[in-house]
Structures are given as C-alpha cells and as structure tokens.
Amino acid sequence: MKVIHLVSELRQWRKEVGSGRVVLVPTMGALHEGHLKLIEVARELAGPKGQVGVSIFVNPLQFGPNEDFGRYPRELEADCARCESAAADVVFAPSVDEVYPKDRSVIILETSLSKVLCGASRPGHFDGVGTVVAKLFNYFTPDDAVFGTKDYQQLAIIRRMVRDLNFPLAIHGVDTVREPDGLAMSSRNRYLSTNERSEAPALRGALQLIREAFHAGETSAATLRGLALNHLSANAPSGALDYLELVDAENLQPVAEVNSHTVVAVAYRFSKARLIDNLELA
Ligand code: PAF
C-alpha cells in the first residue's frame, strides 16, 4: 500500500493505474470499524484489478470556530496500518497547505439541503464538506465513492452536488456500524465520559421507539417526536438535544405526517461530544 502526501504524486499514481476502476473512501482518519466497512465495500466495488483509495484529511473548512478541529484525533500511522489490513491500495494524507492555497476564494455552496438539521447548528459546515469532497473527486477522479449513511445529510448533499455539477462517478451509501449496545460508531465517541457513554445508546433507543410506533400505525410526526424526546430526557439526562426531526428523505424538509420515505435525524450534545444518528423508516 502506498502512502501519498502530495497532490502531484497522487496525480502520478492516478495516471499509472490508468483505466482500472478506482474507488475512493474519503475520511478524516481516526478510523474505526465503520470506516473499515466502507473500505470493505470499496474493495468489493473495485474488484481484484481495481484500486481502493482512502483519503485521510482533517478538513479545517468544515469546523466552526468553537468546534474540535484542534483536538480532533490524528493517528496517521495507526490509520495506515488499518487501511493496509483492509486491503486499501493507496492512502492520501495531505497537509492543510497542500489542499488549500492561502488566498483560496472559491467554495462549493449548497443552498437548500445544507440549511436544515446539522447545517442549522453548524453554519458553513457543509460548504467545507462540499468543497473538500469536490477537491478529492478532482484529485482521484474515482469511478465510485463510498460514504456512511450515519451522516445522512452529508450523503444527501454530496449526491446533490454530484448530480448538479455532473461529477462523473457513482456515490454509494453504507449502513452505520454500531457498538453492541446500538451506539453508532464515531471517532467522537472517545470524547464521552463513562456516564455519558452509558447514556449515549438512548439516541438509538429513541429512533427505534419511533420506528416501533410507526409500524404500530402512528403517523403523526409531532406524536412520534414527543415519544422520542421523552425517551431521551429520561435516558440521557447528562446531554441536551440539538435537534430531533422527522424529514423527507430527499429534500430533508420536516414532515407533519410520516411515511416510508421519512428519515428521523437526531443530534445530541454531551459535554465534549455532539453525536448524530438517524433512521430511515423505509
Ligand atoms: O465524513 C467525514 O469524515 C468528512 O465529512 C469527509 C466526507 C471525509 C469530508 O471531510
């Protein structure tokens, strides 16, 4: 497996691999089982003759001024070992200066899907995500890219960007990998205190309550939301709700009546970690 830090070297690598299928897994590192699942899916898509590229880049553009950019875990050596054992072919780990010219002045601005849910509480976050992902697509010119569905909104925005700007690749969403107690795997779970960690599975619990009530015939979004909020305040009292919304799977706008095209999205703040999760009612 190659580890590349410079765009010029990545371009050279891309030329050398030629017309074989190239599948990209964009990450910010601190890789866990969820990322390894993405690499596994990428490997299957690439086949034995194709190439799997993993990018590892903590993207400053997607962090707000009071967010965790400075303390976001960086563990490149261990991450490279994980990528190698997952049969990736190349890791691209550029510096911030390599990615962003000092006088950069062009960004990707999504104007609809990015205004709700996480976008409402993290202004500018998805401009940063869109911009870096567009750059990664330009560096790798992949045939496919693989993202987790845990970041449902991110995936929807990337799909929209690819559609609207005609990036010539296919986007694949991969199911969230969970701890045995249901907590969605995340690089930020390590910020939880022992007590917060014991409360965090309540996010999944709240989503499952909604699913059960929906399958039992309840379709009022307000009623379903109320059930979930009660569950969270009873079972995760150390944290605070950022949002819990029942939205249309495509346009991410809140719905009053729930159907199989509804997604429930939740964000919850603990002292040092803001966790997200979601559930597709389909
Ligand atoms: O999901 C992430 O890890 C990041 O948002 C991404 C897609 C790698 C862009 O920095």
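Numbers here simply count residues along the sequence, with the first being 1. We count ligands from 1, going down the list as the structure has it; atoms in each ligand are counted the same way.
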Undergrad: So does E75 pair up with R190, basic N to acidic O under 4.0 Å?
TA: yes
Undergrad: Given M28, K150, Q62, identify the one with the heavy atom nearest to atom 9 (C) of ligand 1.
TA: Q62
Undergrad: Step by step, work out the side-chain contact (heavy atoms from CB on, under 4.5 Å) result for M28 and S187.
TA: CA-CA 9 Å; M28 296 206 300; S187 308; over 6 Å; no
Undergrad: At less than 4.0 angstrom from any non-hydrogen atom of T27, what atoms of ligand 1 do you find?
TA: 8 (C)
Undergrad: Which bit of I158 is near ligand 1, meaning a heavy atom under 4.0 Å away: side chain, backbone, both or neither?
TA: neither
Undergrad: Mind listing the side-chain donor-acceptor pairs of residues 46-57 below 3.5 Å, one per line with the distance, residues two or more places apart or on another chain?
TA:
none

Undergrad: With heavy atoms of P26 as the reference, note each atom of ligand 1 found under 4.0 Å away.
TA: 8 (C)
Undergrad: Once ring pair (Phe, Tyr, Trp, His ring centres under 6.0 Å) is applied, do any residues pair with Y243, and if so which ones, sequence neighbours excluded?
TA: none
Undergrad: What residue and atom, counting heavy atoms only, is the protein's closest point to atom 5 (O) of ligand 1, and at what distance?
TA: Q154 OE1, 2.7 Å
Undergrad: Strictly below 4.0 Å, N to O, side chains only: are R21 and D144 in salt-bridge contact?
TA: yes
Undergrad: Pull out every atom of ligand 1 sitting under 4.0 Å from any heavy atom of V132, numbered as shown with elements.
TA: 9 (C), 10 (O)
